[in-house]
Student: 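Pasting a structure here, questions to come.
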Amino acid sequence: MIPTLEWTQNGVRFLDQTRLPLEETYVLATSDQDVANIITTMVVRGAPAIGVSAAMGLALAAKSSTAPTAAEFAVAFSASCNLLAGTRPTAVNLFWAIDRMKRVFAQLQEQNASMAAVRARLESEARAMYDEDIAACRAMGAFGADLMPEQGTVLTHCNAGALATCGYGTALGVIRAAVERGKRIHVFADETRPFLQGARLTAWELMADGIPTTVLCDNMAASLMRQGKIHAVVVGADRIAANGDVANKIGTYGVAVLAREHGIPFYVAAPWSTIDPATATGDAIPIEERPAVEVTHHGGRQLTPHGVGIRNPAFDVTPARYVTGIITERGVLHAPYGESIAAGATQ
């Protein structure tokens, strides 16, 4: 298990993903503000990991509070929720986790609970989310492994592995599970510009597991698909609308269109908490715009002319019609996704 994040007696310990793959270092968060900074700067990233991180940030806020009761802590708790909700707008798991912690806190307020009870209960809930995420990833892996070729190549975009979750991974969890069953999978990992999550993180994870991996420039996938060298695509997601439209790392939409053109199955692996029934279609998903410096500079070196215009959306939306199946911990969803998502929500 890669230690993406971990609750400790001293605070929440995060593997610093901005320093990978060449340096394995850790950052300790002792407050909600620390966690907010860690999410914003992408020390931790990936929708499931962001959600659990936010829950742990709220638990840290309670841990450091000097208020004697839940009622007196309420204003500070609301401010902490707003702080963490403002870190990354696209990943719906963030808001799902905060809402879940809000419901728990509301119960504690009704009971006029002491701060000792608040601290214990919020920590327990955050740690339960951590365990549930790992279990969900393993369940997704079990369902998704059936869809992978017995022998062949699988393309993935960005990093949807253990580093994007609390462990095991979504898209990479599917690949891991397939390999554990004896399937002979070679992974093509898009480098994923401009933040290079595929080149830095996916490659690092898979090499640590001994899974054969080749990093591709993002513009190479079309050529390899035309040559018949890619047999399946599996990616993660940061938000899935009620109709099955999928928001994922920028560049995913292009991969999906290419896969359709070349008759290659395109799968999305994501926990149920990534599905947002309140968002009707992908057109309503907010898309985060990241700082221009991620495009203009790399490794401290400027790559672009002074003053040139920069666009840096972190995500794009893939229409549901390009998605072969959505792999969740409740099973694999198929089109029409509005119906299969509604049916799955009752499980």
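Residue numbers start at 1 and run along the sequence shown. Remember, it's a predicted structure, so these values are computed and weren't measured experimentally.
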Student: Determine yes or no for a side-chain-to-main-chain donor-acceptor pair under 3.5 angstrom, with Arg200 supplying the side chain and Leu20 the backbone.
Tutor: yes
Student: I'd like to know if Ile98 and Ile39 are part of one continuous hydrophobic network [Ile/Leu/Val/Met/Phe/Trp/Tyr, side-chain heavy atoms within less than 4.5 Å].
Tutor: yes
Student: Please give the remaining members of the hydrophobic cluster of Val295, linking ILVMFWY side chains under 4.5 Å, ordered by chain and number.
Tutor: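 Besides Val295, the hydrophobic cluster comprises Val308, Ile310, listed by chain and residue number.
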Student: Does Val43 share a hydrophobic cluster with Leu5, counting links as ILVMFWY side-chain heavy atoms below 4.5 Å and allowing steps through other members?
Tutor: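 Yes, one cluster joins them.
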Student: Taking Glu288 first and then Arg88, would you say they form a salt bridge - that is, a charged N and a carboxylate O separated by under 4.0 Å?
Tutor: yes
Student: Testing the 3.5 Å rule here: is there a donor-acceptor pair between the side chains of Asp16 and Thr18?
Tutor: yes
Student: Evaluate the side chain to side chain contact (heavy atoms under 4.5 Å, CB included) criterion for residues Leu84 and Leu58: first the C-alpha distance (whole Å), next the side-chain angles of each, then the deciding distance (0.1 Å), finally the verdict.
Tutor: CA-CA 8 Å; Leu84 290 159; Leu58 293 173; 3.7 Å; yes
Student: Rounded to the nearest 0.5 Å, what separation is found between the NE2 atom of His262 and the CG atom of Leu224?
Tutor: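 Output value for this atom pair is 10.0 Å.
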Student: For Ala345, check side chain to side chain contact (heavy atoms under 4.5 Å, CB included) against everything at least two apart and list the hits.
Tutor: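 Scan of Ala345 (side chain to side chain contact (heavy atoms under 4.5 Å, CB included), adjacent residues dropped) gives Trp272.
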Student: How long is the straight-line distance from CG of Asn159 back to CD of Glu205, given to the nearest 0.5 Å?
Tutor: 5.0 Å
Student: Linking directly or through intermediates, with side-chain heavy atoms under 4.5 Å: list the remaining ILVMFWY members grouped with Val317, chain and number order.
Tutor: Ile285, Ile287, Phe315
Student: Got a second to check how far Leu108's CG is from Ser114's OG, nearest 0.5 Å?
Tutor: 9.0 Å
Student: Rounded to the nearest 0.5 Å, how far apart are CD of Glu72 and OG of Ser65?
Tutor: 9.0 Å
Student: Donor-acceptor check, side chain of Thr279 to backbone of Ala241, threshold 3.5 angstrom: yes or no?
Tutor: no
Student: Examine the side chains of Glu289 and Asn312 and answer whether a donor and an acceptor come within less than 3.5 Å of each other.
Tutor: no
Student: I'd like to know whether Leu28 forms a side chain to side chain contact (heavy atoms under 4.5 Å, CB included) with Phe14, so could you lay out the CA-CA distance, the side-chain angles of the two residues, the decisive distance to 0.1 Å, and finally the verdict.
Tutor: CA-CA 6 Å; Leu28 185 69; Phe14 292 89; over 6 Å; no
Student: Partners of Asp209 by salt bridge (charged side-chain N to carboxylate O under 4.0 Å, His left out), sequence neighbours excluded?
Tutor: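 Checked Asp209 against salt bridge (charged side-chain N to carboxylate O under 4.0 Å, His left out); matches are Arg176.
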Student: Val234: which other cluster members, linking ILVMFWY side chains closer than 4.5 Å, directly or transitively?
Tutor: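 Met140, Phe143, Leu147, Met148, Val154, Leu172, Val174, Ile175, Val179, Ile185, Val187, Leu206, Ile211, Tyr267, Ile327, Val332, all in the cluster of Val234.
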Student: Establish, from distance only, whether the side-chain atoms of Gln197 and Arg45 form a donor-acceptor pair under 3.5 Å.
Tutor: no
Student: Can you list the steps and then say if Asp146 with Arg181 is a side chain to side chain contact (heavy atoms under 4.5 Å, CB included)?
Tutor: CA-CA 9 Å; Asp146 292 337; Arg181 291 188 187 180; 2.4 Å; yes
Student: Quick check: does any side chain N or O of Asp316 sit under 3.5 Å from a backbone N or O of Gly251, one acting as donor and the other as acceptor?
Tutor: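 Answer holds: yes.
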Student: Test salt bridge (charged side-chain N to carboxylate O under 4.0 Å, His left out) on Arg127 and Glu123; report intermediate values, then the result.
Tutor: CA-CA 6 Å; Arg127 296 179 75 165; Glu123 177 185 334; 2.9 Å; yes
Student: Quick check: does any side chain N or O of Ser78 sit under 3.5 Å from a backbone N or O of Val75, one acting as donor and the other as acceptor?
Tutor: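 Answer holds: no.
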Student: Which residues pass the salt bridge (charged side-chain N to carboxylate O under 4.0 Å, His left out) test with Glu23, sequence neighbours left out?
Tutor: Arg19
Student: Linking directly or through intermediates, with side-chain heavy atoms under 4.5 Å: list the remaining ILVMFWY members grouped with Phe195, chain and number order.
Tutor: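 Its cluster partners, ordered by chain and number, are Met42.
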Student: Establish, from distance only, whether the side-chain atoms of Ser273 and Asn93 form a donor-acceptor pair under 3.5 Å.
Tutor: yes
Student: Please check if Val92 and Val44 belong to a single hydrophobic cluster, counting links between Ile, Leu, Val, Met, Phe, Trp and Tyr side chain heavy atoms closer than 4.5 Å.
Tutor: no
Student: Say whether Leu94 and Ile275 are linked into one hydrophobic cluster, either directly or through other cluster members, by side-chain heavy-atom distances under 4.5 angstrom.
Tutor: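 The answer is no; the residues belong to distinct hydrophobic clusters.
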Student: Is there a donor-acceptor contact under 3.5 Å from the side chain of His157 to the main chain of Ile250?
Tutor: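 Checked: pair present.
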Student: Residues two or more places apart in sequence or in another chain: which of them pass ring pair (Phe, Tyr, Trp, His ring centres under 6.0 Å) with His186?
Tutor: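 His186 satisfies ring pair (Phe, Tyr, Trp, His ring centres under 6.0 Å) with Phe188 once adjacent residues are dropped.
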Student: Indicate yes or no: does Asp218 engage Arg193 in a salt bridge with an N to O separation below 4.0 Å.
Tutor: no
Student: Checking the side chain of Lys183 only, and the main-chain atoms of Ala145 only, is there a donor and an acceptor separated by less than 3.5 Å?
Tutor: yes
Student: Between the side chains of Asp245 and Thr281, is a donor N or O closer than 3.5 angstrom to an acceptor N or O?
Tutor: no
Student: Please tell me whether Met220 and Val235 are part of a single hydrophobic cluster in this structure, the criterion being side-chain heavy atoms less than 4.5 Å apart.
Tutor: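 They do share one cluster, since a chain of ILVMFWY contacts under 4.5 Å joins Met220 to Val235.
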Student: Using 30° and 60° as the class boundaries, would you call the ring planes of Phe77 and Phe105 parallel, tilted or perpendicular?
Tutor: parallel
Student: Quick check: does any side chain N or O of Thr192 sit under 3.5 Å from a backbone N or O of Cys158, one acting as donor and the other as acceptor?
Tutor: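 Yes, the answer is positive, given that a donor and an acceptor are paired below the 3.5 Å cut-off.
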Student: Step by step, would you call Val268 with Asn248 a side chain to side chain contact (heavy atoms under 4.5 Å, CB included)?
Tutor: CA-CA 9 Å; Val268 175; Asn248 193 50; over 6 Å; no
Student: Only counting residues at least two apart or in another chain, list the ones meeting salt bridge (charged side-chain N to carboxylate O under 4.0 Å, His left out) with Glu6.
Tutor: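 Glu6: salt bridge (charged side-chain N to carboxylate O under 4.0 Å, His left out) contacts with Arg13.
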Student: Hey, does the side chain of Thr40 reach the backbone of Ala36 with a donor-acceptor pair shorter than 3.5 angstrom?
Tutor: yes
Student: Any donor-acceptor pair under 3.5 Å linking the side chain of Thr165 with the backbone of Gly161?
Tutor: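 Flag set: sc Thr165 to bb Gly161 pair under 3.5 Å.
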Student: Between His334 and Ser340, does any side-chain donor sit less than 3.5 Å from a side-chain acceptor?
Tutor: no
Student: Check whether any side-chain N or O of Thr4 sits under 3.5 Å from a backbone N or O of Ala162 as a donor-acceptor pair, and report yes or no.
Tutor: yes
Student: Around His298, counting heavy atoms of other residues, nucleotides and ligands shown, do more than 12 lie under 6.0 Å from its NE2?
Tutor: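 Result for NE2/His298: open.
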Student: Go through the structure and list residues passing side chain to side chain contact (heavy atoms under 4.5 Å, CB included) with Ala139, not counting sequence neighbours.
Tutor: Glu329
Student: Please enumerate all residues that pass salt bridge (charged side-chain N to carboxylate O under 4.0 Å, His left out) together with Glu132, with sequence neighbours excluded.
Tutor: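 Result, salt bridge (charged side-chain N to carboxylate O under 4.0 Å, His left out) vs Glu132: Arg100.
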Student: List for me each residue that meets side chain to side chain contact (heavy atoms under 4.5 Å, CB included) alongside Ala335, sequence neighbours excluded, and say none if there are none.
Tutor: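 Side chain to side chain contact (heavy atoms under 4.5 Å, CB included) list for Ala335, sorted by chain: Tyr337.
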